[in-house]
Number of protein chains: 2
Amino acid sequence: MRDNDVPEIRSLPLFQEMEDQNFEALIRGAYVQTFPPQVELITEGDPADFLHVVISGSVELFAAWNRRQTTMATVRPISTFILAATIKDAPYLMSARTMEKSRLVLIPSMDVRDVFETDSRFARAVVSELAQCYRSVVKNTKDLKLRSSIERLANYILRIHTTHDRAMQFDLNLEKRRLASFLGMTSENLSRAIKSLRPYGVEIDGQRVTITDLADLEQLAKPSPLIDDYSI
Amino acid sequence: MRDNDVPEIRSLPLFQEMEDQNFEALIRGAYVQTFPPQVELITEGDPADFLHVVISGSVELFAAWNRRQTTMATVRPISTFILAATIKDAPYLMSARTMEKSRLVLIPSMDVRDVFETDSRFARAVVSELAQCYRSVVKNTKDLKLRSSIERLANYILRIHTTHDRAMQFDLNLEKRRLASFLGMTSENLSRAIKSLRPYGVEIDGQRVTITDLADLEQLAKPSPLIDDYSI
DNA sequence: GGATCTGTTTGACATTTATCAAGTTTGCTG
DNA sequence: CAGCAAACTTGATAAATGTCAAACAGATCC
């Protein structure tokens, strides 16, 4: 990959603070590639050969066991995924597939580990990123274990609402079947959960979400910063 | 705390590689303290004032929401907890309470962050620890989302079996109600799950677990290293 | 524009899990 | 050792969630 192929990744917190020469070393060995939708980028259990950066499009992280499959997260531009496996030189715990046509940068894990050893500002940025990831997964576990499926849906809607500048109308950024899987339920169950939220101030028509009564929804959802605020 | 109060913590991977003088700086500001059982050490939402190290005894990490409560993890000697909150200077996401009489070292978070900024070997050790924690939580999420409660119990038993040198008989290291909460079910449900595992080669009497047919149990549990092996 | 495909919704039903209310056991304490 | 409290178990029942099948809707493709 050439130096100025994808200038935007330099501004990622993970790469912002590092030495120029080290960033260039990472970039030199990296590939930029555009993938069609539904391409499996990595498979759980495989060695972590590349750190992935999503430049455009979106990627689903999922996991499988015994013929069951679940969506673990979705990754949107611009962010990295599977940093932990890269740094630890351990097998991926999740698989990844493009949800739509997506452009990615693949940085060889070995290069990342090399720079990690020599550039201590980069090492500190890795800590910050990993701590953030860790806390996100902990929040997600609390959501799963402490809430019913309807409560999870209600809080999910409030989270999008918040990230969309508190708009009262917005689009789901996920197919419903993926949302269902992410929230830990079946599509059928999500369908019914959506219906049962209507009396609490949410209308969902196709991808379009309209909050008709925020107070009602909040009273049902009882959002908590320690579960729903991804910025802390 | 004096230099040689608790020499064993120097050998933790987190502190092993760091400069002597920095380790001493951490120790100087730290407290060693023994707590009785059932003492709430930290409360979720509070600022992360101390990094905690369990020297003896055991600590339960738990989370609450809307009058519900769930066990997130148990911490046993010698390990640290809430490293992520300490490093990010963010509020705790989980509360902690002693399960039995326990001895802890409390290291002021500010000292940890100071040393983190100056000692890059320590910073790298933090990365390693955080990556490990992150991967553990991801595995736990897969366990929760992909398995039924009986499957989670079966795999839990196999994990203890493995960590106990593949002994066919061992004690549960957790009260059943805590185990139930950790596995994401009620005590009653755990009681029934235990009964329903009997035909698959597990007898549980009080705290005593006996595996009577490992092959049967494994066939039911279908353990996977990407969920159950905490060493990778 | 009709045929086809995929995703979504709905209904009927099954299974899993939780709740409530007794009992029973266990372990501690005076 | 009796008495008590807490943990655990059991049964009956309810609620939540999943499964299966079919209908429906929206996109895509000749």
Side-chain angles (χ1 to χ4, degrees), chain A residues 36-38 60 62 65-71 74 97-101 143-156 171-198 200 202-209 220, chain B residues 36-38 60 62 65-71 74 97-101 143-156 171-198 200 202-209 220:
Chain A
Q38 308 303 331
E60 175 186 17
F62 65 100
W65 177 80
N66 191 28
R67 316 205 146 268
R68 286 165 234 174
Q69 198 173 98
T70 190
T71 300
T74 61
R97 69 164 79 92
T98 54
M99 298 202 293
E100 53 193 306
K101 188 178 168 201
D143 191 48
L144 280 170
K145 290 183 77 176
L146 291 167
R147 290 171 170 164
S148 71
S149 59
I150 291 176
E151 290 165 340
R152 293 199 294 277
L153 173 62
N155 280 291
Y156 180 84
D171 282 337
L172 288 177
N173 44 15
L174 223 57
E175 273 175 295
K176 283 182 184 160
R177 67 199 179 106
R178 280 184 230 276
L179 174 58
S181 177
F182 173 69
L183 294 176
M185 58 180 116
T186 58
S187 297
E188 295 94 328
N189 196 5
L190 174 61
S191 237
R192 290 175 182 122
I194 286 173
K195 254 170 109 176
S196 69
L197 276 190
R198 215 170 305 167
Y200 294 95
V202 187
E203 302 273 352
I204 302 186
D205 180 41
Q207 296 288 100
R208 196 90 195 130
V209 181
L220 173 77
Chain B
Q38 308 303 332
E60 175 187 16
F62 64 100
W65 177 81
N66 192 26
R67 318 206 146 264
R68 287 166 232 173
Q69 198 173 98
T70 189
T71 299
T74 60
R97 70 165 77 92
T98 54
M99 298 202 293
E100 54 194 304
K101 188 179 167 203
D143 192 47
L144 280 170
K145 290 184 78 176
L146 292 167
R147 290 172 171 163
S148 71
S149 60
I150 291 176
E151 289 164 341
R152 293 199 293 278
L153 173 61
N155 280 291
Y156 179 84
D171 281 337
L172 287 177
N173 43 14
L174 223 55
E175 273 175 293
K176 281 181 186 161
R177 66 198 179 106
R178 279 184 230 276
L179 175 58
S181 178
F182 173 70
L183 294 177
M185 59 178 116
T186 58
S187 298
E188 295 94 326
N189 195 6
L190 174 61
S191 236
R192 291 177 180 119
I194 286 173
K195 253 169 112 176
S196 68
L197 276 189
R198 214 169 308 167
Y200 295 95
V202 186
E203 303 273 353
I204 302 185
D205 180 41
Q207 295 288 99
R208 195 93 195 126
V209 181
L220 172 78

Legend entry - Spatial distance of atom CD1 (A/Ile204) from atom CD1 (A/Ile194) [nearest 0.5 Å]: 4.0 Å
Inset, instruction - For the helix from C/dG1-D/dC30 to C/dG30-D/dC1, figure out the bend between the end axes, five pairs an end, and round to 10 degrees. - result: 40°
Legend entry - More than 12 heavy atoms from other groups under 6.0 Å of OH on A/Tyr200: no
Inset, instruction - Starting at the 5' end of nucleotides 25-30 of chain D, put B wherever the base has a protein heavy atom under 4.0 Å, S where only the sugar-phosphate does, and a dash everywhere else. - result: ------
Inset, instruction - Report yes if some heavy atom in the side chain of A/Met99 is under 4.5 Å from a heavy atom in the side chain of A/Thr74; otherwise report no. - result: yes
Inset, instruction - Send over the distance from A/Leu144 CG to D/dT17 P, rounded to a whole Å. - result: 12 Å
Inset, instruction - Side-chain contact test, heavy atoms from C-beta onward, threshold under 4.5 Å: evaluate it for B/Leu146 versus A/Asn66 and give yes or no. - result: no
Inset, instruction - Check the distance between D/dT17's C1' and B/Ile150's CD1 and give it to me in whole angstrom. - result: 16 Å
Inset, instruction - Let me have a per-nucleotide readout for nucleotides 9-16 of chain D, 5' to 3', with B, S or -, counting only protein heavy atoms under 4.0 Å. - result: SBBB----
Inset, instruction - Quick one: pull up CE in B/Met185 and NZ in A/Lys145 and give me the separation to the nearest 0.5 Å. - result: 9.5 Å
Inset, instruction - Check the distance between D/dG18's P and A/Arg68's CZ and give it to me in whole angstrom. - result: 11 Å
Legend entry - Those residues that, when tested against B/Arg152, pass salt bridge (Lys or Arg N to Asp or Glu O under 4.0 Å) (two or more places apart): none
Legend entry - Taking every non-hydrogen atom, the tightest pair across B/Ser181 and B/Thr71: OG-N, 2.7 Å
Inset, instruction - Please check if the side chain of B/Lys176 supplies one atom and the backbone of B/Gly206 the other of a donor-acceptor pair under 3.5 Å. - result: yes
Legend entry - Check: B/Pro36 main-chain N/O paired with B/Thr98 side-chain donor or acceptor under 3.5 Å: yes
Inset, instruction - Check every nucleotide of DNA chain C for an atom under 4.0 Å from a heavy-atom of chain A, then give the first and the last such nucleotide from 5' to 3'. - result: C/dG7 to C/dA12
Legend entry - Value rounded to 0.5 Å, distance of CD in A/Glu60 from CD in A/Glu100: 12.0 Å
Legend entry - salt bridge (charged side-chain N to carboxylate O under 4.0 Å, His left out) contacts touching residues 182-194 of chain B (sequence neighbours left out): none
Inset, instruction - Answer whether the closest heavy-atom distance between the side chains of A/Asn189 and A/Leu183 falls below 4.5 Å. - result: no
Inset, instruction - Over all heavy atoms of both residues, which pair between A/Leu220 and A/Ala154 is shortest? Give the atoms and the distance, please. - result: CD2-CB, 4.1 Å
Inset, instruction - Using atom CZ of B/Arg177 as one end and atom C1' of D/dC8 as the other, report the distance to the nearest whole Å. - result: 11 Å
